[in-house]
Protein chains: 4
Amino acid sequence: MNRRSSKESRQSIIDSALKIFSLHGYAGATMRMIAEDAGISVGGIYLYFKNKDELCLFLIKEKLDEFSKEAEDLFKNIDNPLDAILNYINTSIKYAKKNREFIITQSREQGFTFGIEIKKEFFNRQKALIMEIIQKGIDRGIFVKCNPEEATKVIMGIIRGFILSVVVDPDNLFDPDECCRLILYGLLNRDK
Amino acid sequence: MNRRSSKESRQSIIDSALKIFSLHGYAGATMRMIAEDAGISVGGIYLYFKNKDELCLFLIKEKLDEFSKEAEDLFKNIDNPLDAILNYINTSIKYAKKNREFIITQSREQGFTFGIEIKKEFFNRQKALIMEIIQKGIDRGIFVKCNPEEATKVIMGIIRGFILSVVVDPDNLFDPDECCRLILYGLLNRDK
Amino acid sequence: MNRRSSKESRQSIIDSALKIFSLHGYAGATMRMIAEDAGISVGGIYLYFKNKDELCLFLIKEKLDEFSKEAEDLFKNIDNPLDAILNYINTSIKYAKKNREFIITQSREQGFTFGIEIKKEFFNRQKALIMEIIQKGIDRGIFVKCNPEEATKVIMGIIRGFILSVVVDPDNLFDPDECCRLILYGLLNRDK
Amino acid sequence: MNRRSSKESRQSIIDSALKIFSLHGYAGATMRMIAEDAGISVGGIYLYFKNKDELCLFLIKEKLDEFSKEAEDLFKNIDNPLDAILNYINTSIKYAKKNREFIITQSREQGFTFGIEIKKEFFNRQKALIMEIIQKGIDRGIFVKCNPEEATKVIMGIIRGFILSVVVDPDNLFDPDECCRLILYGLLNRDK
DNA sequence: AATGAATGAGATTTCATTCAT
DNA sequence: GATGAATGAAATCTCATTCAT
């Protein structure tokens, strides 16, 4: 058996934990499952993480930070609000596809309290970013005059819907482009 | 000890199970929690449901049936596609608010397979209903010419997003009316 | 529902208990199974028998008494030792076929102590009866000179083997006549 | 806490399980009893056996295989049918004495179906072995002309009777030699 | 650093027995 | 007499965590 470095072992645990928590939820996942998937002994996990809670909390934090950074970078480089929104939706959906179940899984369980602060902070940051874009779009006359906060919430909701769809009903995933079209142009035929 | 009728006890278990599963997820909920909430002994639950699985499966079925019936009734009585869509979104959101956590909770866990057939059938029926409305709207020139299947998926996704928001980020729930407005008119200012 | 007399209910319980204990053993049988089979409520059994132990003990006693009586009657009416032995084997096998599993089931379980005294007494009575016959056969020169006690044990063993076969390996039951033939040609004094 | 090797623990569980199942039957035996006897925690058993069923099934298989091998070896080395039969009876009885209660216990219970296939195969193999011997004995004129299948069944029945006697009525066990004598003088062709 | 046997607490499940009706 | 809902004790089983090696 070729020994792994401490770092490799740790990363292996993280990867497996993400996968297993995603598949089974926090309560449904077992340390044994994670250990087996990571190719480490059960006790071995405890060398790197104090306990199941800490392991899970770490994952939540890491994933949210990862996405935050990506989203913030994105907005730094795009000035046009239309492009920014389209990019945000696409990035989110791509990200959701990659980490889908975990995000969902961790949204619920354990009586609402698990990692709740971390998540709240994340959502607030995301919301502020999008709202800024929409406000800019309205100011520049690109977007219709609307309540930017409400529009932000709807857009975040749509992205959440995509995540949930990935998990619940993956046969009926919507196409990001079609989604953008609907958001931008709406369903009503205004030509008439 | 206050005796209840069999029916009352059963209903009490169902109500408590819905609540507890919603709060903690399938794996996180314990029969003891449910029993305590229902005011019955743990063993007593097993007089009414064969095991934890069956109890949960029953709830999923019941909730989905309940909603299906409501949605189908709704469409029977509304001919105008615009009204029908608005009504569907509002009904769904109202329903989601009522049963939120349970729906979410049950969407995930146990390696994707729990009650999957029941859910698939439900989604397909819902999809067919909405698609019919949208097609009708397109035919009558009320809605823009779009792919009705994709539009349906987006709308279902938006509703799912609402459900997920209720649970994940309840401080930032969007307003159904604002959501409808966005869906119908879109974000882009076409006057310009 | 046509009410049954107290006596009928009791008999119904006895019959069902015999069947269920036979099928599942003492520990494996449940009061619910017996109640269902007897067409009575679970609580109803307790009107007739103090508890599971008493019910089972009653059955053991009844069955053994029943057989004892039959066997003793048999010997009273038959003077010829050869006929007596043949009859005993046949009667035993017929009886075993009828009550097979129960007898077996009750032979074991519960750390050897359940109804042990009753059973011991029964076996000793049976043994005395057969030994008497064999002794008589030897005295009259019909049977070979052998140790009548050992011969008795072997014969009782053979009958037990039949019972066990009924249960364990019913496809390979031996024929009573063939069995008698085998036993007799070893037992009969052919020099005479 | 004295550490044992995995192998030792496993064997300890096997030994205790055999003892406890033998004493109390499948349903009557509890995992706690086995664990206590084996000097391990209840949960510890589940590290080695998936559940109670598997543990019991394993024992059945092991014991039957053990005996099968012993019996087959025996016949390989003995050509004389008379010696072979005597040896088989003696080996069986010796084996039965060692594993008596377990064999019995496992013959019954759980609605006849537990490990039934394994057992059927075992009995069929045993039957074939004995029948071959008896046929050989008849061919060589050592045994009387009889139906070898029926004779086989009777002999197997006698051995089963011994097993059952060990458990039911151990005070009245027959002597193997006496048993053989009885059987042989029926089987032997004395005209020759 | 790593293992994996072992534990103990707690989960699910079963069932003899009781008792209000 | 009879019911069957309900209980409580005990069974089976699971799993996070520990610890000797």
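In the text below, chain A, chain B and the rest are named by the order of the sequence lines, each starting its count at 1.
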Original post:
So how far is it from A:Lys52 NZ to A:Ile34 CD1, rounded to the nearest 0.5 Å?
Top reply: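 Nearest 0.5 Å value for the NZ-CD1 distance: 7.0 Å.
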Subject >> Separation between CD1 of C:Ile20 and CZ of C:Arg32, rounded to the nearest 0.5 Å >> reply: 13.0 Å
What's the [atom1]-[atom2] distance between [X] and [N], to the nearest Å?
X	N	atom1	atom2	answer
C:Ile13	F:dG1	CD1	P	11 Å
D:Asp53	F:dA11	CG	P	17 Å
C:Phe21	E:dC15	CZ	C1'	13 Å
C:Arg10	F:dA2	CZ	C1'	17 Å
C:Asn51	E:dC15	CG	P	17 Å
D:Glu8	F:dT21	CD	P	13 Å
B:Phe49	E:dT14	CZ	C1'	18 Å
B:Tyr48	E:dT13	OH	P	18 Å

Original post:
Under 4.0 angstrom, heavy atoms only, what part of the nucleic acid is A:Ser6 near: base, sugar-phosphate, or nothing?
Top reply: nothing
**OP:** Name the nucleic acid region contacted by C:Ala35, choosing base, sugar-phosphate or nothing; use a 4.0 angstrom heavy-atom cut-off, strictly under.
**Re:** nothing
Identify the nucleotide, in any strand shown, that forms a Watson-Crick or G-U wobble pair with [N], with both distances under 3.5 Å; if there is none, say none.
N	value
F:dA2	E:dT21
F:dA16	E:dT7
E:dA1	none

**OP:** When you get a sec, tell me which of F:dT12, E:dT12, F:dT17 is the closest nucleotide to the side chain of B:Met31?
**Re:** E:dT12
Original post:
From the list F:dA16, F:dA11, F:dT3, which nucleotide is the closest neighbour of the side chain of C:Ile40?
Top reply: F:dT3
Would you tabulate the nitrogen or oxygen pairs shorter than 3.5 Å linking the protein to nucleotides 8-10 of chain F?
none

Less than 4.5 Å apart, any side-chain heavy atom of [X] and any of [Y]?
X	Y	result
A:Tyr48	A:Ile14	no
B:Tyr26	B:Asp53	yes
C:Glu62	C:Leu18	no

Original post:
When the ring planes of D:Phe58 and D:Phe49 are compared, do they come out parallel, tilted or perpendicular, using 30° and 60° as the limits?
Top reply: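 Aromatic pair D:Phe58/D:Phe49 classed tilted.
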Original post:
Looking at C:Ser9, does any N or O in its side chain come under 4.0 Å of the phosphate oxygens OP1/OP2 on F:dA2?
Top reply: yes
Original post:
Any side-chain N or O of D:Tyr46 under 4.0 Å from OP1/OP2 of F:dT14?
Top reply: no
**OP:** Report, as yes or no, whether the 6.0 Å neighbourhood of atom CZ on A:Arg10 holds more than 12 heavy atoms from other residues, nucleotides or ligands.
**Re:** yes
Original post:
For D:Ile45 and B:Lys50, take the nucleotide of DNA chain E holding the closest heavy atom to each; which residue's nucleotide lies nearer the 5' end?
Top reply: D:Ile45
Original post:
Closer to the 5' end of DNA chain F via nearest nucleotide, is it C:Leu47 or D:Leu47?
Top reply: C:Leu47
Subject >> Comparing A:Met33 and C:Arg32 on DNA chain F - which has the more 5′ nearest nucleotide >> reply: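 Of the two residues, C:Arg32 wins.
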Residues 36-43 of chain D side chain polar contacts: donor-acceptor under 3.5 Å, at least two apart:
| from | atom 1 | to | atom 2 | distance (Å) |
| --- | --- | --- | --- | --- |
| D:Asp37 | OD1 | D:Lys19 | NZ | 2.7 |
| D:Asp37 | OD2 | D:Ser16 | OG | 2.6 |
| D:Ser41 | OG | D:Gly44 | N | 3.2 |

